[in-house]
Novice: 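My structure is below; once you've seen it, I'll send some questions.
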2 protein chains.
Amino acid sequence: MPMNANKPFVDDYLAYLLARSSKLVSEQFHAKVKAAGVSVNYWRILASLSDADGLTLKQLNQRVLFNQPTLSKLITRMVAEGLLERHQDKQDKRAILIFISALGRDLVNDLLHEAKWHESEVLADYSSEQQALMKGMLRQLINTLES
Amino acid sequence: MPMNANKPFVDDYLAYLLARSSKLVSEQFHAKVKAAGVSVNYWRILASLSDADGLTLKQLNQRVLFNQPTLSKLITRMVAEGLLERHQDKQDKRAILIFISALGRDLVNDLLHEAKWHESEVLADYSSEQQALMKGMLRQLINTLES
DNA sequence: TAAATATATATTCCATTTCATATAATATAA
DNA sequence: TTATATTATATGAAATGGAATATATATTTA
């Protein structure tokens, strides 16, 4: 017997609402990403680096929130495919600095444009006040959770 | 050179804000899920079935938004582990109906309690009005995207 | 400074997911 | 009704992800 038959769980569960909306928002756009020959994780890495080139692997991981070995291997593949460059940090020789290559830059610039266009479609029915409110709430939630 | 050096992309990109907040909200709770010996995907399936037992694989997939073969294999494993039951649909013999077993029910009930408690911690600093506003916006976004 | 501890990244091995396709049942069209 | 298309689920091979651990450098402690 359900724990609580008269009140659906997931429809009032924040983590579910976030996961579902996240997936739905990303879904159509990811089809375009794949059409460009890029996996979703590649796109996330490129987008995260697009305004912060030269991060260490650790700093990058704080943005993309992957597992460390997963990111390490993704970087290896992306370097092999010519999308990124890996340089040793002179200050801390354990660390590597990750840069977008010219090829990766072209790719991410295209995708950034498509992403913005896609977002404007998703949010077409929302006023700019509503959009700001929604994004603001999410940013606040992120800040709360990061501290 | 960045496409737009003076305006960070990801911090104003809805899909990123959703993905990041989703991951941050789920993160600590998923540690508890794993501590209960359950993978995150198992938990998502059990939670989705908790208030809608007896869905077809396809209906369930519309809730969890996995790939069809992924869900199919997850179900196979969960049945083998005694958490779920798979029955043929009498009306449509192609379809299978998925039910939670007694064992699965016990497990999910425990996790549902922990999930609610975790959510109340995450949202501790929010008034109930703010909580309702946030969830309402997400539900509206989901509805928009589903139609 | 030597030893111990901590940190950043890489690697190995195994589990899981994905892509493409198969199978079986249903719905539709000729 | 027979052929065709569609739908629901399953499966196999290959790619990817994750847990544990290794390696190399940096930091702290005695």
Novice: Just to confirm, is there a sub-4.0 Å distance from OP1 or OP2 of dT16(C) to any side-chain nitrogen or oxygen of Asn67(B)?
Specialist: no
Novice: Counting only side-chain nitrogens and oxygens, does Arg77(B) get under 4.0 Å of the OP1 or OP2 atom of dA15(C)?
Specialist: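 Checking dA15(C) against Arg77(B), no side-chain N or O comes under 4.0 Å of OP1 or OP2.
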Novice: Counting distance alone, no hydrogens or angles: does the base of dT9(D) have a donor or acceptor under 3.5 Å from a partner atom on the side chain of Lys73(B)?
Specialist: no
Novice: Flag the pair Gln62(B) / Leu55(B) as yes when at least one side-chain heavy-atom distance between them is below 4.5 Å, and no otherwise.
Specialist: no
Novice: What is the distance from CD1 of Ile96(B) to C1' of dT7(D), rounded to the nearest Å?
Specialist: 14 Å
Novice: Atom NZ of Lys58(B) to atom C1' of dA10(D): distance rounded to whole Å?
Specialist: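 Going from Lys58(B) (NZ) to dA10(D) (C1'), I get 16 Å.
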Novice: May I ask you to verify if any side-chain N or O of Asn61(A) is less than 4.0 angstrom from the OP1 or OP2 atom of dA8(C)?
Specialist: no
Novice: Over how many whole Å does the gap from Lys23(B) atom NZ to dG18(D) atom C1' extend?
Specialist: 12 Å
Novice: Between the side chains of Arg105(B) and Ser50(B), does any donor sit under 3.5 Å from an acceptor?
Specialist: no
Novice: Would His87(A) and Glu85(A) count as a side chain to side chain donor-acceptor pair (under 3.5 Å) here? Give the steps.
Specialist: CA-CA 7 Å; His87(A) 298 294; Glu85(A) 291 167 16; 3.3 Å; yes
Novice: Could you state the atom-to-atom distance from CZ of Phe66(B) to P of dT16(D) in whole Å?
Specialist: 20 Å
Novice: Please check the phosphate of dT9(C) (OP1 and OP2 only) for any side-chain N or O of Ser72(A) closer than 4.0 Å.
Specialist: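 No, no such contact exists.
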Novice: Say whether Arg20(A) and Ser22(B), considering side chains only, have a donor N or O and an acceptor N or O under 3.5 Å apart.
Specialist: no
Novice: Atom CG of Leu71(B) and atom P of dT11(D): how far apart are they, to the nearest Å?
Specialist: 14 Å
Novice: Any ion pair linking Lys135(A) and Glu119(A) (charged N to carboxylate O, less than 4.0 Å)?
Specialist: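 Salt bridge flag = yes for Lys135(A) with Glu119(A).
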Novice: Quick check: on DNA chain D, is the nucleotide nearest Lys34(B) upstream (toward 5') of the one nearest Thr70(B), or the reverse? Name the residue that is more 5'.
Specialist: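 Checking each residue's closest nucleotide, the 5'-ward one belongs to Thr70(B).
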Novice: Rounded to whole angstrom units, what separation is found between the CG atom of Leu57(B) and the C1' atom of dT11(D)?
Specialist: 14 Å
Novice: With a non-hydrogen cut-off below 4.0 angstrom, is Thr56(B) in contact with a base, only sugar-phosphate, or nothing?
Specialist: sugar-phosphate
Novice: Classify Leu74(B) by what it touches in the nucleic acid, base, sugar-phosphate, or nothing, heavy-atom distance under 4.0 Å.
Specialist: sugar-phosphate
Novice: With a 4.0 Å cut-off, would you call Asp11(A) and Arg139(B) a salt bridge?
Specialist: no
Novice: For DNA chain D, find the residues of residues 84-95 of chain B with a heavy-atom distance under 4.0 Å and give them by number; none if there aren't any.
Specialist: Arg86(B), Arg94(B), Ala95(B)
Novice: Does Lys58(B) pair with Asp89(B) as a salt bridge, N-O distance under 4.0 Å?
Specialist: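 No salt bridge links Lys58(B) with Asp89(B).
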Novice: Starting at the 5' end of DNA chain D and moving along, which residue's nearest nucleotide shows up first, Tyr42(A) or Gln68(B)?
Specialist: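 The residue whose closest nucleotide sits nearer the 5' end is Gln68(B).
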Novice: Measure CD1/Ile75(B) against P/dT16(C) and give the value in whole Å, please.
Specialist: 14 Å
